[in-house]
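Working notes, structure below.
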Amino acid sequence: GEKSNLKVQNLIIDNAFIGLASKDGSMTNVDKANINNTDICFSAYNKKPEFGGCYIRYKNLNSSCYDKINFDKNFINH
């Protein structure tokens, strides 16, 4: 939903189009993620302009995801 806050530890995702998405003013913090067999590991975007940007902060991400991250122009890099 809009303006959500999510904190995740030990995220495991397998066989998905998008592993984790954050949008419309949401803040997502991920500590340790193992994401496999996805087209996009993380996606951060703005669907409704009235909610502003969003962010995904992550650490300890498996290396196969580094080239599968999609951030639009409204992504806030923290």
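What you see below is based on every heavy atom in this structure, not just the backbone, and it leaves out hydrogens, waters and symmetry mates.
- The CG atom of Leu20 sits 10.0 Å away from the SG atom of Cys41 when rounded to the nearest 0.5 Å.
- When all heavy atoms are compared, the tightest approach of Ser43 to Ile56 is O-CD1, 3.6 Å.
- Annotation: the span from Asp31 atom CG to Lys59 atom NZ amounts to 4.5 Å, rounded to 0.5 Å.
- Residues Thr28 and Ser22 share a closest heavy-atom pair of OG1-OG, 3.2 Å.
- Across every non-hydrogen atom of Ala44 and Cys54, the tightest pair is CB-SG, 3.8 Å.
- For the pair Lys68 (side chain) and Thr38 (backbone), a donor-acceptor distance under 3.5 Å is present.
- Rounding to the nearest 0.5 Å gives a distance of 11.5 Å between CD1 of Ile35 and CD1 of Ile40.
- Hydrophobic cluster membership differs between Leu6 and Phe51, with clusters built from Ile, Leu, Val, Met, Phe, Trp and Tyr side chains linked at under 4.5 angstrom.
- Under a 3.5 Å cut-off, the side chain of Asp24 and the backbone N or O of Lys48 do form a donor-acceptor pair.
- Connection of Phe42 to Ile13 is established within a shared hydrophobic cluster, with ILVMFWY side chains joined at heavy-atom distances below 4.5 Å, either directly or through further cluster members.
- The side chain to side chain donor-acceptor pair (under 3.5 Å) test applied to Asn37 returns Asp14, not counting sequence neighbours.
- Atoms NZ and CD, from Lys23 and Glu2 in turn, are 4.5 Å apart once rounded to the nearest 0.5 Å.
- Distance alone, capped at 3.5 Å, places no donor-acceptor pair between the Asn29 side chain and the Lys7 backbone.
- Counting heavy atoms from C-beta on, the side chains of Leu61 and Val30 never come closer than 4.5 Å.
- Taking hydrophobic clusters as Ile, Leu, Val, Met, Phe, Trp and Tyr residues chained together by side-chain heavy-atom distances below 4.5 Å, Ile69 shares a cluster with Leu11.
- Counting non-hydrogen atoms of other residues, nucleotides and ligands closer than 6.0 Å to CD of Glu50 gives a total above 12.
- In plain terms, the two heavy atoms of Tyr45 and Ala21 that are nearest each other are CE2-CB, 4.1 Å.
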